[in-house]
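Working notes for the structure below.
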Amino acid sequence: MIGGTIRRFDSCESTNDEAAKWAKQIHDRAPHGGVIVADSQRAGRGRLGRQWHSPPGSNLYFSVVLRLALPPDKVPPITLCAGLAVCEVVNTRGAVASIKWPNDIYVGKNKLAGVLTEMSTQSQGTVSEGQSSPVESTVIVGIGVNVNGSAFPPELAATSLALECGETIDRAILLGDILSSMHQWVERYCAHGVSALQRAFEGHSMLSGQLVRAKIGGQLRSGKVVSLSDDGALRLRDSAGIEHKIIAGEIECLGEECDE
Ligand code: BTN
């Protein structure tokens with residue numbers, strides 16, 4: 001159960017680091033679904049080496065340890081599971097959040113939340129005396145949500161749930177709601193693969209049908225976003241009708257509705 005065990009810190013360097021340490025402990029090792037939550041982070045980080053603004057008393061910074069019966073190449077869509085959970089919960093509070101594939105959550109043109117998924121360890125399936133042990137990937141999913149913050153460095157172009165909804169949000173309740181939604185998305189993905197996420201993703205994706213540009217295999221390509229592929233990559237169709245897959249990296253929106 002995601003959120004079955006929660007460890008709380010007033011402050012830490014990064015909840016992803018605390019979760020990775022906990023996941024590797026020999027005694028009292030993090031269970032599947034164990035959560036580290038901190039009131040502030042001294043070195044909160046985002047994708048591509050960016051910092052994550054993590055002041056005390058206002059937002060949510062947490063990391064979930066997942067022990068999944070999946071090989072590493074099936075792990076990336078877990079980021080989408082977390083993003084869908086955040087969107088789903090935020091949308092029940094009256095704000096309209098959307099996912100900028102793969103890990104950014106926006107309300108309008110401002111960033112509300114982000115997901116940083118990191119592999120902790122992976123024990124490969126081994127074969128001993130004719131018996132094979134299953135593969136298990138240990139994954140740390142870090143989520144930062146701007147909840148009650150009211151001032152952000154302007155270069156972040158960020159917003160908070162409180163600013164969007166016009167009221168102070170109870171962070172403990174919000175955390176519980178996100179964890180239970182994430183539990184459901186992870187279960188669905190592990191049972192049925194990316195097809196279990198497709199519909200919800202289309203409904204929440206800010207890139208659907210948009211013209212975007214991204215680096216693919218070292219080359220800049222632009223095209224219209226078609227949908228997700230079976231491995232969670234983003235499918236683009238260029239002006240010649242050729243499809244390309246974006247597996248990772250930065251996406252620049254060129255479409256009119258997507259000019260953040
Ligand atoms: C991004 O948008 O690039 C991802 C941001 C992820 C931030 C969260 S806050 C909790 C966890 N601990 C970290 O150091 N990062 C993630």
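Each ligand, and each atom within it, is numbered from 1 in the order the structure gives. Small disclaimer: the values here were computed from a predicted structure and weren't measured. Side chains are part of it too, since the values below use all heavy atoms of this structure and drop only hydrogens, waters and symmetry mates. If you read the sequence from its start, that first residue is 1, and numbering goes on from there.
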message: Please check whether Y61 reaches ligand 1 - meaning an N/O of the residue sits under 3.5 Å from an N/O of the ligand, judged on distance alone.
response: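 No, there is no polar N/O contact under 3.5 Å.
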
query: So is W52 polar-close to ligand 1, meaning N/O to N/O under 3.5 Å?
result: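 W52 vs ligand 1: no N/O contact under 3.5 Å.
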
For atom 15 (N) of ligand 1, closest protein heavy-atom neighbour: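 Nearest protein contact, heavy atoms only, for atom 15 (N) of ligand 1 is R45 O, 2.7 Å.
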
task: Specify the protein heavy atom at minimum distance from atom 8 (C) of ligand 1: its residue, its atom name, and the distance to 0.1 Å.
output: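 Residue, atom and distance for the closest contact: G144 N, 3.5 Å.
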
With heavy atoms of [X] as the reference, note each atom of ligand 1 found under 4.0 Å away.
{"X": "G46", "result": "1 (C), 3 (O), 4 (C), 5 (C)"}
{"X": "G44", "result": "14 (O)"}
{"X": "F62", "result": "10 (C)"}
{"X": "Q41", "result": "9 (S), 10 (C), 11 (C), 12 (N), 13 (C), 14 (O)"}
{"X": "R47", "result": "1 (C), 3 (O), 4 (C)"}
{"X": "N103", "result": "1 (C), 2 (O), 3 (O), 4 (C)"}
{"X": "V115", "result": "4 (C)"}
{"X": "T15", "result": "10 (C), 11 (C), 12 (N)"}

query: Which heavy atom of I246 sits nearest a heavy atom of A214, and at what distance?
result: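 Of all heavy-atom pairs spanning I246 and A214, the closest is CD1-CB, 3.6 Å.
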
message: If we only consider heavy atoms of K111, is any one of them less than 4.0 Å away from an atom in ligand 1?
response: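 Contact check K111 vs ligand 1: positive.
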
task: Compute the minimum heavy-atom distance from R50 to ligand 1 and say whether it is under 4.0 Å.
output: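 R50: no contact with ligand 1 (<4.0 Å).
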
field: Atom pair CD1/SG of I2 and C81 - distance to nearest 0.5 Å
entry: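 Interatomic distance, I2 CD1 to C81 SG, rounded to 0.5 Å: 8.5 Å.
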
Counting only heavy atoms not in [X], do more than 12 sit closer than 6.0 Å to its [atom1] atom?
{"X": "E243", "atom1": "CD", "answer": "yes"}
{"X": "D230", "atom1": "CG", "answer": "no"}
{"X": "R199", "atom1": "CZ", "answer": "no"}
{"X": "D10", "atom1": "CG", "answer": "no"}

- prompt: Given that the side chain starts at C-beta and the backbone is N, CA, C, O, which of these parts of D104 lies under 4.0 Å from ligand 1, counting heavy atoms, or is it both or neither?
  reply: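 Only the side chain of D104 comes within reach of ligand 1.
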
message: Is the contact between I143 and ligand 1 made by the side chain, the backbone, both, or neither, using heavy atoms and a 4.0 Å cut-off?
response: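 The answer is the backbone of I143.
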
query: Tell me, do L254 and S222 make a side-chain contact under 4.5 Å, heavy atoms counted?
result: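 Sidechains of S222 and L254: in contact.
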
message: salt bridge (charged side-chain N to carboxylate O under 4.0 Å, His left out), that's the test. Do R171 and D39 meet it? Break it down for me.
response: CA-CA 10 Å; R171 285 184 289 167; D39 185 52; 2.9 Å; yes

message: So if I apply the side-chain contact (heavy atoms from CB on, under 4.5 Å) rule between L80 and each of N103, L197, T117, which one comes out positive?
response: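 Only match with L80 under side-chain contact (heavy atoms from CB on, under 4.5 Å): L197.
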
task: Please determine, by modelled atom types, if S54 and S40 share a side-chain donor-acceptor pair under 3.5 angstrom.
output: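 No, no side-chain donor-acceptor pair sits under 3.5 Å.
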
